[in-house]
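Data first, discussion second: the structure below is written as structure tokens.
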Amino acid sequence: MALPNITFVQSPNGLGRPLTGTDYISGYIHYYASGATLPTGFTSSDRIKKIFSVADAEALGITDTHLAETKAVAKFAVTTAGAAGDTISITYTGIEGAETVLATYTMVTADVVSTTTAAAALAAAINLGTATHGFSATNSTNNLLITTKGGEGIFPNSGTPYSSSITGTLAGTWTQPTGSGSTVLGVASWIDTLHYHISEYFRLQPKGELYVGLYEEESTTYVFADITTMQNFAQGAIKQIGVYEKNVAFTSAQATALQAIATANTTVYKPLQIILNAEISGTASVATLSDLSALSAPNVSVTIAQDGAELGYHIYKATGKSVGTVGACLGAVSFASVSESIAWIQKFNMASGGSELDTIAFSNGQLYTALADSQFESLNNYAYIFLRKLVGITGSYWSDSKTTVISTSDYSTIENNRVYQKVTRVVRAAVLPALSGPLKVNADGTLSLDTIGYFTSLANQPLVQMEADNELSAHKIIINPTQNVLSTSTLEMTIQLVPLGVARQIEINVGFVLSVA
């Protein structure tokens, strides 16, 4: 054994060196209810911020501390003060189904003078535990008013979460939060959802660069014009953007509207892929969702996955709306090379590093385990993205990287679109200096070899780099020397691309034989 000593081990990763390239740069647009309070770092005239971490988001007022929440208030009207020695236990059953004891109290003589003193004693008993359970109480004459802990949102507004168990003659009547009779309806914090998706993005892409845009909800039909505002703010840097809205139920028309935005941005050389968090909280079963594969929206993907037991589930129950996984999906796309499918098992375990997304569901609350295998095939064929479990390996994995277009299209996957978009960006940047430059021709009007070589070299350099980075398998540049550039002032180039394949199906032939060589 070595002599006692103090040694130092140098860590190479503490600084989080920035990523190369720009393929990871992402956007996230979150629509919130009109008139709602914005996080402190945003105003109605300053709606877009670029952040590099969850800490950056929290510094802008995007926290998970239930900001802008209205806490539900329940009432226990004491009708009989009871007698000294009577006992009462007041409980609340919350989102996860666990029962919280708010107070267990034995009445003393001073408490039972009247129903008012009894209610005051119960309020004091509850407040003694506030630091532990988060609930607080007051009394108004004989009425005990209990304010729910933060983060429960709309959950206490239905059912009977509050209850009591009494021994003795003490008596009272419960009024659950309804908004009447001194009770208050709970309203969830929209900022909790915002924080959740940003946190999920950085959980999957710790070195990400994220533009966050906050905009008021559109009333009935979304046109999503604010995405273009964000892309212009970022000067075209956003390569993929996640979209969250909760006030309008998902329809295929939303994918079509988003494609119109993507197409318009592509026209001005700012292409991007869009991931929509489908609002399907009112859909009883995902089996009834419409087929998206018949659309013509290759730059749009629709995710219907959701956490089924942890924070995502809690926020879903607190808001009553689809929370989904748009942050995690966006983070996975940002983390992936442009040529990689986010369904790659080896690289994209969404449940790694914690319990979030280990129990998986759909964003209408249906648990993954409640559906038959045939239903998963149908949803995949319908071009939805969801999370799945695989026999033989732990974790949660994306079903595929579908876009909302027919499966036979070259652009039916996120990765093919990202590769194509990167090719157009890098080749344009390489060739742009030659725009309006001279085109030398031979005596017969054909393009000179020097001209062909020059333009081939310009376009070739970034594509060679993409091959070296395993983003392309091969490419070829073709320039027809006989094209009439003198009359048209147009140089036509053809670029043929061989993408990387994706092992979506692996077939293994297994059988018994008499012997093997």
Side-chain angles (χ1 to χ4, degrees), residues 16-30 41-42 45-57 59-60 62 194 197-198 200-202 204-215 224-244 258-276 298-301 326-340 342 403 414-433 435 461-463 465-466 469 471:
R17 295 294 184 186
L19 298 171
T20 58
T22 61
D23 300 326
Y24 61 93
I25 299 177
S26 306
Y28 174 69
I29 185 168
H30 192 107
F42 295 77
S45 59
D46 187 16
R47 295 184 175 274
I48 306 170
K49 300 290 182 179
K50 182 167 67 170
I51 62 175
F52 298 90
S53 66
V54 175
D56 285 350
L60 292 168
I62 302 173
L194 172 62
H197 285 304
I198 291 173
E200 284 292 278
Y201 170 81
F202 284 107
L204 275 301
Q205 173 52 292
K207 296 183 181 180
E209 183 174 326
L210 185 66
Y211 287 86
V212 177
L214 306 181
Y215 290 90
F224 301 109
D226 304 307
I227 293 175
T228 297
T229 302
M230 288 185 64
Q231 183 67 306
N232 290 339
F233 178 91
Q235 299 181 58
I238 296 173
K239 307 305 189 298
Q240 49 275 325
I241 189 168
V243 180
Y244 179 88
L258 287 168
Q259 181 59 45
I261 295 296
T263 300
N265 277 277
T266 298
T267 301
V268 292
Y269 315 110
K270 301 172 185 177
L272 74 172
Q273 285 297 116
I274 302 173
I275 304 167
L276 174 64
N299 300 127
V300 180
S301 295
V326 66
C329 192
L330 182 67
V333 173
S334 175
F335 186 63
S337 166
V338 294
S339 58
E340 291 174 352
I342 59 171
T403 64
I414 294 173
E415 62 270 17
N416 274 12
N417 283 280
R418 293 182 78 207
V419 168
Y420 173 78
Q421 289 171 356
K422 182 167 185 177
V423 167
T424 62
R425 287 194 303 269
V426 297
V427 171
R428 182 175 186 271
V431 175
L432 197 56
L435 185 63
Q461 184 175 354
L463 298 180
Q465 186 61 51
M466 287 185 68
D469 294 336
E471 296 170 342

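These numbers come from the heavy atoms of this one structure, side chains and all, not from hydrogens, waters or symmetry mates. Predicted, not measured: the structure shown is a model, and the values here were computed from it.
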To the closest 0.5 Å, what do you measure between [atom1] ([X]) and [atom2] ([Y])?
X	Y	atom1	atom2	answer
Arg47	Met230	CZ	CE	12.0 Å
Tyr28	Leu214	OH	CG	8.5 Å
Asn299	Gln273	CG	CD	4.5 Å
Ile198	Ser53	CD1	OG	10.5 Å
Gln240	Leu272	CD	CG	8.5 Å
Tyr215	Ile227	OH	CD1	10.5 Å

Could you tell me which non-hydrogen atom of [X] sits nearest to which non-hydrogen atom of [Y], and how far apart they are?
X	Y	answer
Ala57	Ile51	CB-CD1, 3.8 Å
Ser301	Ile414	OG-CG1, 3.4 Å
Gly208	Phe202	O-CE2, 3.6 Å
Ala336	Ile342	CB-CG2, 4.5 Å
Ala328	Leu204	O-CG, 3.9 Å
Ser334	Tyr201	OG-OH, 3.1 Å

Using the rule given for side-chain contact (heavy atoms from CB on, under 4.5 Å), can you reason through Val427 versus Leu463, listing the C-alpha separation, both sets of side-chain angles and the distance that settles it, and then say yes or no?
CA-CA 8 Å; Val427 171; Leu463 298 180; 3.8 Å; yes

Can you check side-chain contact (heavy atoms from CB on, under 4.5 Å) on His197 and Tyr244, steps first, answer last?
CA-CA 9 Å; His197 285 304; Tyr244 179 88; 3.9 Å; yes

I'd like to know if the side chain of Arg418 reaches the main chain of Asp23, judged simply by a donor and an acceptor atom lying under 3.5 Å from each other, with no hydrogens or angles considered.
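Judged by distance alone, yes, a pair lies under 3.5 Å.
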
Give a yes or no answer on whether the side chain of Gln231 reaches the backbone of Ile238 with a donor-acceptor pair at less than 3.5 Å.
yes

Any heavy-atom pair between the side chains of [Y] and [X] that's under 4.5 Å?
X	Y	value
Ile274	Phe224	no
Phe42	Ile62	yes
Asp469	Ser337	no
Thr266	Thr424	no
Ile261	Thr228	yes
Arg428	Tyr269	yes
Leu210	Asp56	no
Pro271	Lys422	no

For the side-chain contact (heavy atoms from CB on, under 4.5 Å) test, which of Ile241, Val333, Val300, Leu258 pairs with Ile275?
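Running side-chain contact (heavy atoms from CB on, under 4.5 Å) over Ile241, Val333, Val300, Leu258 with Ile275 returns exactly one hit, Val333.
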
Name the one of Thr229, Val212, Asn232, Asp226 that satisfies side-chain contact (heavy atoms from CB on, under 4.5 Å) with Ile48?
Thr229

A quick test of your reading: do over 12 heavy atoms of other residues, nucleotides or ligands sit less than 6.0 Å from CZ of Phe52?
yes

Look at the rings of Tyr211 and Phe233 and say which category their plane angle falls in: under 30° parallel, 30 to 60° tilted, over 60° perpendicular.
perpendicular

